[in-house]
Amino acid sequence: MRHGLLGLDTKRPLKGLLAGLTPDILEQEVERTHNGGSWDTYDTWMFDDFIRGAGGETRDSALGSIGGGNHFVEFQEVSTIMDARTAYQWGIKPGTIGIMIHSGSLFAGGMVGDHYMDLARRIYPSSLARPIHNFYPLPLRGRHAEHSRAYLNVLGLASNFGVINRLCMQHMALKAVREVMGREFESHLVYDLSHNMLFENAGDYLHRKGASPAGETNSFWGGHPVIVPGSMGTSSFIMKGGSLAQALNSAPHGAGRLLSRGRMRGADPANRLRVVSRVNPVGLREDIRRELEKDLMEEAPASYKPVLPAFHTVQNSGMA
Ligand SMILES: Nc1nc2c(ncn2[C@@H]2O[C@H](COP(=O)(O)O)[C@@H](O)[C@H]2O)c(=O)[nH]1
Ligand SMILES: [Mn+2]
């Protein structure tokens, strides 16, 4: 949590989920992960119990799991390449199998968000009218500046946790493919980004929610890769950031929801439940199976907007 990718010590062979991670692979991961996969932190106060709870060596059962909601690990096949030069540079070819992982910091980011939203509300000057948009600021200067410093620290801890967790899942997915295929194959990371994050630029902060950076970079990619997942039933896209100033160098990171989770839970499965695989009922209690099916209903393709119009909007506007 303190150091993200840069905190991993590959001089000694790693054990557990990250077994087999060599210094060379780690170097490539750092190069291809936004911010080097390491957000600056100075203290672990909010997560001390979590870190020390295991008596020095944390064996956390949450590590290697995707979390709830619409998080997923998905195998995809590259069917169409529109920008051959960029695809070549990023090591993507027609027929390449991609593993797309959408997962955040599990519990950590939510905890940080709840704590600081409460605090921002509490310290808001009582002499001022409450903000109509319901967004309360954490001041960067003045007598409350310490809170924003502490917030950036714990947000960094949560993000570092998410980066390592996605690295674990990447390794688990590759190991599973190796086992099924019974042989080695070439693989590399294209891009990893902690999304719904605060991004700093020369002392200013931009919070992107439902959006990701889509500017130019002087790093490996030449422009931020913009991942636009569709749903379980449609295509997804990977695009190159277009640095559109009106969009604050950002682009949406998904087609977005069409129908709310509550509406989908109550929908008739015969109409709505078009998921890739049903819940395997073997050995499951009936009430648990029903709950899992409702969770799947929330994420059925019908609950998402069609991805093509989203893709065209991003492309035609120049966002990416
Ligand atoms: N390829 C898949 N895309 C999916 C799936 N479930 C949701 N989605 C898309 O991802 C974004 C994620 O947005 P976020 O704001 O929640 O981070 C969402 O807008 C959908 O378009 C899926 O199973 N596979
Ligand atoms: Mn998300």
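For ligands, and for the atoms within them, numbers begin at 1 and follow the listed sequence.
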Salt-bridge test for Arg257 and Glu299: reply yes if a basic N is under 4.0 Å from a carboxylate O, no otherwise. yes
Ion pair present between Asp287 and Arg290, side-chain N to carboxylate O less than 4.0 angstrom?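 Between Arg290 and Asp287 there is no salt bridge, as every charged N stays at least 4.0 Å from the carboxylate O atoms.
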Does atom OH of Tyr88 have more than 12 heavy-atom neighbours, drawn from other residues, nucleotides or ligands, at distances under 6.0 Å? no
Just by distance, with hydrogens left out, do Ser194 and Arg166 show a side-chain donor and acceptor under 3.5 Å apart? yes
Provide the protein N, O or S atoms situated under 2.8 Å from the Mn ion (ligand 2); waters are not included.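 Hits for the Mn ion (ligand 2) below 2.8 Å: His102 NE2, His195 NE2.
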With side-chain hydrogen bond (donor to acceptor under 3.5 Å, both in side chains) as the rule and sequence neighbours excluded, what pairs involving residues 198-210 come up?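 Pairs touching residues 198-210 that pass the test: Arg208-Ser250.
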Does Arg265 form a salt bridge (charged side-chain N to carboxylate O under 4.0 Å, His left out) with Glu291? I'd like the steps, not just the answer. CA-CA 9 Å; Arg265 279 184 93 78; Glu291 271 311 298; 2.8 Å; yes
Straight-line distance of Leu63 CG to Phe161 CZ, nearest 0.5 Å: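 These two atoms lie 4.5 Å from each other.
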Could you note down all residue pairs passing salt bridge (Lys or Arg N to Asp or Glu O under 4.0 Å) where residues 19-47 supplies at least one of them, sequence neighbours left out?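 For residues 19-47, and leaving out neighbouring residues, there are no salt bridge (Lys or Arg N to Asp or Glu O under 4.0 Å) pairs at all.
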Give a table of atom pairs where an N or O of ligand 1 lies under 3.5 Å from a protein N or O.
{"from": "ligand 1", "atom 1": "1 (N)", "to": "Glu74", "atom 2": "OE1", "distance (Å)": "3.4"}
{"from": "ligand 1", "atom 1": "1 (N)", "to": "Glu74", "atom 2": "OE2", "distance (Å)": "2.8"}
{"from": "ligand 1", "atom 1": "1 (N)", "to": "Ser231", "atom 2": "O", "distance (Å)": "3.4"}
{"from": "ligand 1", "atom 1": "1 (N)", "to": "Ser236", "atom 2": "OG", "distance (Å)": "3.1"}
{"from": "ligand 1", "atom 1": "3 (N)", "to": "Ser231", "atom 2": "N", "distance (Å)": "3.3"}
{"from": "ligand 1", "atom 1": "16 (O)", "to": "Asn70", "atom 2": "ND2", "distance (Å)": "2.7"}
{"from": "ligand 1", "atom 1": "17 (O)", "to": "His102", "atom 2": "NE2", "distance (Å)": "3.0"}
{"from": "ligand 1", "atom 1": "17 (O)", "to": "His195", "atom 2": "NE2", "distance (Å)": "3.2"}
{"from": "ligand 1", "atom 1": "17 (O)", "to": "His253", "atom 2": "ND1", "distance (Å)": "3.4"}
{"from": "ligand 1", "atom 1": "19 (O)", "to": "Gly256", "atom 2": "N", "distance (Å)": "2.9"}
{"from": "ligand 1", "atom 1": "21 (O)", "to": "Pro229", "atom 2": "O", "distance (Å)": "3.2"}
{"from": "ligand 1", "atom 1": "21 (O)", "to": "Gly230", "atom 2": "O", "distance (Å)": "2.7"}
{"from": "ligand 1", "atom 1": "21 (O)", "to": "Ala255", "atom 2": "N", "distance (Å)": "2.9"}
{"from": "ligand 1", "atom 1": "21 (O)", "to": "Gly256", "atom 2": "N", "distance (Å)": "3.3"}
{"from": "ligand 1", "atom 1": "24 (N)", "to": "Glu74", "atom 2": "OE1", "distance (Å)": "2.7"}

Cationic tip of Arg149 within the cone over Tyr42's six-membered ring, i.e. under 6.0 Å and within 45° of the normal? yes
